[in-house]
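Worksheet for the structure shown next.
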2 protein chains.
Amino acid sequence: MEISQRKKKILAALVELYIETAEPVGSKVLAQRAGLGCSSATIRNELAELSAMGYLNQPHTSAGRVPTVQGYRLYVNELMERQRLSAEETERLNRELAQRLMALDNLVSDIGQFASQITDLPALAIAAPRAVTIVRFDFIYVDVNTFIMVALLSDNSVKNKLIRLPVSVEKLKIDKLSTLMNANFTGLREDQITQPLISATERALDDMTGLTAVAASFAIEALTQASQPGSFVGGQNRLLHHPEYQDPDKAHALMSFLNQAPMEFPQLMNGETGVKVIVGPENVSEALRDSSVVLATYDAGDGVRGVVGVVGPTRMDYAVVAGKMQLIAQTISNALGTGGLKPPSGMDNKLMIRGEDTIE
Amino acid sequence: MEISQRKKKILAALVELYIETAEPVGSKVLAQRAGLGCSSATIRNELAELSAMGYLNQPHTSAGRVPTVQGYRLYVNELMERQRLSAEETERLNRELAQRLMALDNLVSDIGQFASQITDLPALAIAAPRAVTIVRFDFIYVDVNTFIMVALLSDNSVKNKLIRLPVSVEKLKIDKLSTLMNANFTGLREDQITQPLISATERALDDMTGLTAVAASFAIEALTQASQPGSFVGGQNRLLHHPEYQDPDKAHALMSFLNQAPMEFPQLMNGETGVKVIVGPENVSEALRDSSVVLATYDAGDGVRGVVGVVGPTRMDYAVVAGKMQLIAQTISNALGTGGLKPPSGMDNKLMIRGEDTIE
DNA sequence: TGCTGGCACTCTTTTCTTTCGAGTGCTAAT
DNA sequence: ATTAGCACTCGAAAGAAAAGAGTGCCAGCA
């Protein structure tokens with residue numbers, strides 16, 4: 001059965017009204033608001049048909065209508081106009097986000113926080129795991145029993161670790177360790193660092209104090225941490241703004257789910273890119289059945305790809321939220337994806353700067 | 001007016017019963033539970049007096065009694081026995097915490113998370129700011145337009161930054177920069193790095209590409225970040241377990257406050273050390289009037305001191321919570337305060353390891 | 001044929017009353 | 001001093017009545 005133009009118009013108006021008020025929508029208000037010149041009786045007939053087709057629902061006989069999942073789905077897919085943010089708005093958000101992105105190490109948490117803030121919903125952000133290797137080692141000899149290990153990774157991050165030895169060690173040995181580590185451990189993925197390799201290096205160094213083990217575990221740690229998918233979850237308190245989470249049990253269940261299983265979200269994208277809306281019961285996870293999810297993928301270059309998303313009531317303003325998520329994804333990809341950060345204004349103009357984070 | 005031994009006993013029983021049930025406590029249950037052999041009528045007389053003295057309150061004429069702030073205060077100060085955790089319990093918690101403390105860089109967040117977990121309340125942890133200086137700089141020349149800056153700080157943390165130049169630079173110049181930075185910038189606090197100093201260094205380096213400015217801003221950043229008080233707030237969702245936060249507005253107000261003003265908590269300690277309980281309306285902040293706060297100070301050595309605390313309903317189990325907070329504070333101080341972490345078992349046995357974090 | 005006003009009907013929400021019961025305060029007896 | 005007993009109070013729970021929103025359907029009209 002096809003759906004007439006007028007029905008679509010009515011459905012769209014109904015969904016938007018419901019999003020606004022959180023109350024079942026009656027034919028009367030709809031007739032006033034819908035903008036198509038016909039009476040409430042006509043609307044009633046149309047509503048009855050839309051109900052029969054499965055797009056609408058009545059909580060009880062004498063109540064207004066509420067969209068079903070199918071209704072939402074139609075709205076999201078065809079009816080809604082993704083909110084065009086005003087030029088200033090876009091500009092403002094862009095600037096704000098760009099500012100956050102200046103510091104690269106907390107990319108994931110920055111993105112998540114930003115998403116939460118502008119949508120007033122709990123948000124999460126996940127960075128896809130990536131295979132990294134160590135490009136070079138440097139060992140800085142500080143004093144007779146202190147040195148610093150520095151590793152430059154293939155993703156341009158830098159990790160370091162300060163080592164304080166209970167025994168003294170000569171600078172020469174540290175230098176030799178450096179040479180050996182650079183010779184044996186660079187270009188390897190985490191899983192390629194094996195015990196035999198470590199033992200061989202230890203023999204080559206001719207040292208029994210465990211120096212090699214320390215260096216090796218540093219390498220492993222650095223790689224482990226760099227290739228771990230970062231994740232961020234936050235803004236849960238914003239849930240409580242929305243009437244559907246008045247029931248503390250519901251709110252708590254969702255919050256706990258967010259905290260415990262953020263890693264389940266990326267697979268909801270199914271490998272697709274762009275913005276994806278998942279309406280309430282379409283969700284596989286039990287805990288999300290009452291809530292909708294809006295996800296977007298981003299690509300920050302250097303193989304740093306990920307997913308950012310927000311979770312909210314089924315009755316959320318999809319048009320606005322989806323618009324904002326798209327903006328975020330685009331801004332990130334624009335700002336970082338093409339390689340390199342635009343330098344800030346001021347004295348640093350002449351140089352590209354990239355800060356890094358470290359292990360432990 | 002002094003307070004009889006029996007009154008104290010009754011008050012303690014009442015507070016504990018109220019903590020358990022969250023309902024006003026009547027004379028009847030109290031007579032059964034209190035363990036002192038007297039009838040409900042006697043208890044009623046005593047309760048009436050305790051009410052007159054300001055320790056108890058009646059929500060309405062025909063309801064049971066509820067402790068007032070004053071009542072709680074007396075309970076906390078004199079009556080409660082700080083929960084002695086069982087030996088295994090203590091052992092288990094100790095081990096768990098010690099494990100977390102292995103990684104030093106997220107000390108604050110680890111402590112906070114731990115506190116939240118074992119008390120089932122939202123928690124926060126704040127590290128006191130400390131004055132740090134840079135002990136030494138190292139500049140690692142990677143290739144013709146890439147180098148890494150490494151700074152060892154007086155608190156034994158290491159910061160680094162990868163710099164990618166749009167122009168090429170010789171290793172010699174980087175070495176010279178290193179010498180100059182070590183000569184001019186070590187031992188300084190953040191506020192002692194002035195523009196004239198930077199300019200002088202720039203002249204000495206005889207370079208117009210802005211290298212000096214980059215190095216200087218790195219130094220400033222490193223110091224700023226290291227001396228910033230770290231803070232952690234988390235576990236807000238646990239609030240919803242407790243009936244007094246059924247009202248989403250209340251829950252939300254408190255959560256927002258925690259997120260926005262965590263820095264207000266340390267000053268509640270007034271410079272004291274140990275465990276401090278602040279009962280509901282004793283709080284200065286409006287947002288905390290309905291909630292109680294249990295704070296503890298910790299000292300992790302190396303000048304890393306801070307405050308860890310939990311927030312919950314006025315009717316919280318002070319005995320247990322205070323006991324646990326004390327345990328945390330003590331464990332941290334024991335494990336770290338005396339200097340150095342006990343090494344983990346295994347291959348690292350021979351060395352003391354201390355990981356670090358970095359800027360940006 | 002499609003739209004509209006009108007109207008009876010349904011079911012929730014709100015409001016008001018009534019009942020119920022926990023707990024008190026007081027008094028008289030021990 | 002302690003206790004049993006009892007009238008009283010006041011909130012909470014239960015029940016009844018009224019209000020209101022919205023529907024479905026019908027008959028009339030373009």
Side-chain angles (χ1 to χ4, degrees), chain A residues 1-11 13-15 17-18 20-68 71 243-244 246-247, chain B residues 1-11 13-15 17-18 20-68 71 243-244 246-247:
Chain A
M1 155 118 61
E2 52 193 309
I3 178 167
S4 76
Q5 214 52 36
R6 189 168 68 181
K7 281 199 181 55
K8 285 187 181 175
K9 223 167 170 177
I10 291 176
L11 179 59
L14 187 144
V15 170
L17 219 48
Y18 181 62
E20 199 177 301
T21 62
E23 303 272 309
V25 182
S27 56
K28 212 165 168 181
V29 234
L30 211 43
Q32 290 165 1
R33 265 287 273 271
L36 27 81
C38 61
S39 79
S40 68
T42 312
I43 303 270
R44 272 204 291 284
N45 287 328
E46 296 282 47
L47 289 182
E49 288 180 49
L50 281 167
S51 291
M53 294 159 81
Y55 293 111
L56 297 178
N57 218 341
Q58 277 181 292
H60 50 266
T61 330
S62 76
R65 262 46 176 225
V66 164
T68 60
E244 16 277 292
Q246 291 293 92
D247 176 2
Chain B
M1 157 118 62
E2 52 193 307
I3 179 168
S4 78
Q5 214 53 36
R6 189 168 69 182
K7 281 198 181 58
K8 285 186 182 174
K9 224 168 169 178
I10 291 175
L11 180 59
L14 188 144
V15 170
L17 219 49
Y18 181 62
E20 199 178 300
T21 62
E23 303 272 307
V25 181
S27 56
K28 212 166 171 181
V29 234
L30 210 44
Q32 289 165 3
R33 265 285 273 271
L36 27 81
C38 62
S39 78
S40 66
T42 313
I43 303 271
R44 272 206 289 286
N45 288 328
E46 296 283 47
L47 290 183
E49 286 181 50
L50 280 167
S51 293
M53 292 159 82
Y55 293 111
L56 298 177
N57 217 338
Q58 276 180 293
H60 49 266
T61 329
S62 77
R65 291 333 203 263
V66 163
T68 60
E244 17 277 291
Q246 292 293 91
D247 176 3

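Chain identifiers are assigned alphabetically (A, B, ...) following the order of the sequence lines, protein sequences preceding nucleic acid strands; residue numbering begins at 1 within each chain.
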Go nucleotide by nucleotide along DNA chain C from the 5' end; which of A:Pro59 and B:Arg65 gets its closest nucleotide reached first?
A:Pro59
Going 5' to 3' on DNA chain D, which nucleotide is the first and which the last to come under 4.0 Å of a heavy atom in chain B?
D:dT2 to D:dG11
Where do A:Ser40 and A:Lys28 come nearest, in terms of heavy atoms and distance?
CB-CA, 4.1 Å
Rounded distance in Å - CD (B:Gln58) to C1' (C:dA22):
12 Å
Round to the nearest Å and state the distance from B:Lys28 atom NZ to C:dG21 atom P.
13 Å
For side chain to side chain contact (heavy atoms under 4.5 Å, CB included), just list the numbers for B:Arg65 and B:Arg44, CA-CA rounded to whole Å, side-chain angles, deciding distance to a tenth of an Å, and then say yes or no.
CA-CA 10 Å; B:Arg65 291 333 203 263; B:Arg44 272 206 289 286; 5.9 Å; no
Quick check on C:dT4: is either OP1 or OP2 less than 4.0 Å from any side-chain nitrogen or oxygen of A:Thr42?
yes
Measure CD/A:Glu46 against C1'/C:dG2 and give the value in whole Å, please.
10 Å
Protein-nucleotide distance (A:Arg6, atom CZ; C:dT1, atom C1'), rounded to Å
12 Å
I'd like to check B:Asn57 versus B:Ser51 (side-chain heavy atoms, cut-off strictly below 4.5 Å). Are they in contact?
no
So do B:Ile3 and B:Met53 actually touch side chain to side chain, heavy atoms under 4.5 Å?
yes
What closest approach, in Å, do B:Pro59 and B:Val66 show between heavy atoms, and which atom pair accounts for it?
CG-CG2, 4.2 Å
Using a cutoff of under 3.5 Å, can you pull out all pairs of nitrogen or oxygen atoms linking the protein to nucleotides 7-11 of chain C, with atom names and distances?
unit_1: C:dT10; atom_1: O2; unit_2: A:Ser62; atom_2: OG; d: 3.4
unit_1: C:dC11; atom_1: O2; unit_2: A:Ser62; atom_2: OG; d: 3.1

Base, sugar-phosphate, or nothing for A:Ala63, non-hydrogen atoms under 4.0 angstrom?
sugar-phosphate
Does any part of the side chain of A:Leu30, heavy atoms only, come nearer than 4.5 Å to the side chain of A:Leu14, both counted from C-beta?
yes
Should A:Ser40 be listed as having a side-chain N or O under 4.0 Å from OP1 or OP2 of C:dG5?
no
Contacts of type side chain to side chain donor-acceptor pair (under 3.5 Å), residue A:Glu46, not counting sequence neighbours:
A:Arg6, A:Lys7
Spell out, as yes or no, whether a donor-acceptor pair under 3.5 Å connects the side chain of B:Thr21 to the backbone of B:Leu17.
yes
Any donor-acceptor N/O pair, A:Gln58 side chain to A:Ala63 backbone, under 3.5 Å
yes
What is the distance from CD of B:Gln32 to P of C:dA22, rounded to the nearest Å?
13 Å
Between atom CG in B:Leu47 and atom C1' in C:dG23, what is the gap in whole Å?
11 Å
